[in-house]
Structure formats: structure tokens, C-alpha cells
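Predicted model only: the values in this text are computed from it and were never measured. Side chains are part of it too, since the values below use all heavy atoms of this structure and drop only hydrogens, waters and symmetry mates.
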Amino acid sequence: MLKIHFSGEDILRTRVAPAADPVWELVLSLHALQGRNRDPLTSAWRHTVTRGLRRDIASEQLRLLFALNPPRGYFPDFLTPYASVEGFEAGLEAVRSTPIEVLQRDLTLVAAENQLPASAGALARGDVATLRHLADSMEQYRALAISPYWSRIQAAVAADRNRRARALLDGGVEGLLTSLRPTMRWASGVLEVRDYPHSRELHLDGRGLLLVPSFFCAPTPVALLDPALPPVLVYPVDRLGGLAVTDGEASAATAAGRESLAALLGRTRAAVLQASHDGCTTGEMARRLDISPAAASQHATVLRNAGLLVSHRDRNTVLHTLTPLGRAVLEA
């Protein structure tokens, strides 16, 4: 179990990342691509990316990138720099600028459990060309595995941010931290991450915590190993139907979608869709549209069955937010 200790100052400085983090998504997608867990929501993505990588996976650049990101266990902290909160280019520049002592430390930890290619030795010596090639391979992989799906990844993270914003407005930072259950538990100034691979204590020491919602994060949240780095905790979001579907799944989804979409005609459901733009509870929806809570729930159910809404239950409250399809329909 990971236990993260907060002071009053830490609570004030805790925040949620402003958007999907492109570097974290890249690195965690490498783990998902190589892992044994076959999540059906990413199966089509895995098939497409694997097929696209077949020609290039033997290259030394990609071999090193994959070797540094094994499907389980430690992966280098330097590959997910704090600067990536400002965007992919800022994160990549931080990777290129990694100090040699950090490279040596991180690579020693990876090599203790994994066999690394010869280029890892040059990287550990701080070879500028090897570090630049590693950054280039991240760009190459991103173009194939992340960029084509970025809008869906962003939408899933945005939906989670709406949910956390609601929790923050209703209960302050402690309400936000409480909303992270069931994978985490907040009590008495300590955030406990259950099912963490090893026991660990992290004291924030007034630095606060950056919470990073992630599409590709495994069910167990991820924290950096080095306690001296700015504290970051990456946690999984609802994947809102995944990234893509196979041809067979698409046919079934289209048939089901036609039946569900036929029930969407009418001003009230259009208003329900609009009300869910920034997240809306069933009660708020009913008050805003001047309809009964039962009617609001019924309309939300129809929209959810059509794939336009996703609903999260928190005790006696249900928060409705748009899926990527719902947002596209509303904007159209």
C-alpha cells in the first residue's frame, strides 16, 4: 500500500492536471501494449498499433524505448518529467535535458530486473545522441499510437476532471480526495492507494500533490519513485467506451445506435444533452429543466444507452457527463 501524508499546506497546494498529459499517456500506453491484461476497451487499439509497429520495432531507437518501459515493475522517472504538464514538447525537452546522474540512477534500477539493449549503456553515460534518439522514438511512437486517438483520450480525461471539479466545489480538496475511491481511501490526512505493488510512505512536506487523470493508467495508480521529485499521482479514468471498435463490433453498435438514437428526438432530451455539457447531476438537471427527477433520470438513461452520456454514481448522487460522441452530436 502507498500512503501519502498531507499537511494543511499540502491540501491547499493539491490540484488536478489541467488536461490529459501527453507524455504520461505515451509511457503508460507502452505498458498497456505489452501487458498481459487484455482490456476489451483497448483491444482494437492494441491490434492496430502492433500491426503498425511491425516494420519499426526492430530499430534500435524503438527497442530502447520499449525496453525502458516493461509491462510491469519499475520504469524510469525521467521519462515522465513534471514539465509535461505544460505539453508534449515541454516534456520532451525535459527528457532531452535529463542530467547524467539521474540517467545512471534510473537505468540502474531498470537493469536490475530487465535485460536492456546495448544502447542503454550509452544512455547511462549521458550520450547526447542516444538521448536525442530516445526522444525521437517517443515522437515516432506517439504519431502511431497516441495522436490518432488523442481527441478520445482528452474527452475521457475531461469527463473525469468535470467529476473532480464537482467534488471539489461540494467538499473542498478533502471532497476531491474522497472522490478518488474505491482505488484510494482518504482518511485523517492520509491518502491510501490500495493494491500498490509494495509498501511505501510518501510525505509531501508542503509541496502539495498533482493528480493526473489518465486514460492508459492501469487500475492501480502510479507515483514517481524518487521522493525528491515534485509529487505526482496518476490515476485511471473511465474510458468511455474505449478508443475504437472492430468491424463486427461496429456493425452491432451501429444497429443498436440507430434504435437508441431514434428515441432521442424531442426538445427535452436535447436540453438534457446541453445541460450535461460541463457535468450535471440528476437533481440539477431536473431543477434546470423544470422536470421531475424521475423524468430527468429516464432521459439520461436513453442518452446513456445511445452512447452520448456517461454516468458516475457517488453515494446518492449521479453525475452525467458527455462522451466524445455526445459532445460531437451537441457541437454539430
Would you check if [X] and [Y] make a side-chain contact, meaning some heavy-atom pair closer than 4.5 Å?
{"X": "Leu12", "Y": "Val173", "value": "no"}
{"X": "Gln140", "Y": "Leu144", "value": "no"}
{"X": "Val190", "Y": "Ile4", "value": "no"}
{"X": "Val23", "Y": "Met138", "value": "yes"}
{"X": "Val310", "Y": "His320", "value": "no"}
{"X": "Arg46", "Y": "Arg51", "value": "no"}
{"X": "Met184", "Y": "Trp186", "value": "no"}
{"X": "Ser97", "Y": "Glu93", "value": "yes"}

Nearest 0.5 Å, what's the [atom1]-[atom2] distance between [X] and [Y]?
{"X": "Met285", "Y": "Arg288", "atom1": "CE", "atom2": "CZ", "value": "8.0 Å"}
{"X": "His133", "Y": "Leu65", "atom1": "NE2", "atom2": "CG", "value": "14.0 Å"}
{"X": "Leu308", "Y": "Arg327", "atom1": "CG", "atom2": "CZ", "value": "12.0 Å"}
{"X": "Glu201", "Y": "Leu2", "atom1": "CD", "atom2": "CG", "value": "8.5 Å"}
{"X": "Tyr149", "Y": "Gln154", "atom1": "OH", "atom2": "CD", "value": "15.5 Å"}
{"X": "Thr50", "Y": "Leu33", "atom1": "OG1", "atom2": "CG", "value": "4.5 Å"}

At their closest point, which heavy atom of [X] faces which heavy atom of [Y], and how far apart are they?
{"X": "Thr323", "Y": "Gly307", "result": "OG1-O, 2.5 Å"}
{"X": "Ser311", "Y": "Arg304", "result": "OG-NH1, 2.9 Å"}
{"X": "Leu273", "Y": "Leu309", "result": "CD1-CD2, 4.4 Å"}
{"X": "Leu79", "Y": "Asn69", "result": "CD1-ND2, 3.5 Å"}
{"X": "Pro70", "Y": "Ala67", "result": "CD-O, 3.7 Å"}
{"X": "Gln274", "Y": "Leu330", "result": "OE1-CD1, 3.4 Å"}

Donor-acceptor contacts, no H, no angles, side chain residues 208-225, under 3.5 Å, sequence neighbours left out:
residue, atom, partner, partner atom, Å
Ser214, OG, Glu25, OE1, 3.3
Ser214, OG, Glu25, OE2, 3.3
Ser214, OG, Phe216, N, 3.3
Ser214, OG, Cys217, N, 3.1

Common cluster, [X]/[Y], ILVMFWY with side-chain heavy-atom separation under 4.5 Å:
{"X": "Leu229", "Y": "Leu233", "result": "no"}
{"X": "Leu177", "Y": "Leu319", "result": "no"}
{"X": "Val237", "Y": "Trp24", "result": "no"}

Passing option when Thr98 is tested against Leu103, Leu134, Leu123 for side-chain contact (heavy atoms from CB on, under 4.5 Å): Leu103

Worked check of side chain to side chain donor-acceptor pair (under 3.5 Å) between Asp21 and Ser84: CA-CA 6 Å; Asp21 188 304; Ser84 65; 2.7 Å; yes

Main-chain N/O of His203 paired with Arg207 side-chain donor or acceptor, under 3.5 Å: yes

Donor-acceptor contact below 3.5 Å, side chain Gln34 vs main chain Leu30: yes

Candidate pair Arg166 and Glu284, rule side-chain contact (heavy atoms from CB on, under 4.5 Å), full reasoning: CA-CA 12 Å; Arg166 177 74 54 174; Glu284 290 170 338; 2.4 Å; yes

Full working for salt bridge (charged side-chain N to carboxylate O under 4.0 Å, His left out) between Asp238 and Arg163: CA-CA 11 Å; Asp238 188 320; Arg163 181 184 178 191; over 6 Å; no

Side-chain H-bond candidate by donor/acceptor type, Thr268 with His299, under 3.5 Å: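 Absent: no donor and acceptor within the cut-off.
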
Intermediate values then yes/no, salt bridge (charged side-chain N to carboxylate O under 4.0 Å, His left out), Arg13 and Glu9: CA-CA 6 Å; Arg13 293 184 174 180; Glu9 189 173 1; 3.1 Å; yes

Pairs touching residues 73-119 that satisfy ring-ring contact (aromatic ring centres under 6.0 Å, His included), sequence neighbours left out: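 Only His31-Phe75 qualify under ring-ring contact (aromatic ring centres under 6.0 Å, His included).
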
Audit row: Ser297, Thr282, side-chain contact (heavy atoms from CB on, under 4.5 Å) steps and yes/no: CA-CA 6 Å; Ser297 179; Thr282 304; 4.1 Å; yes

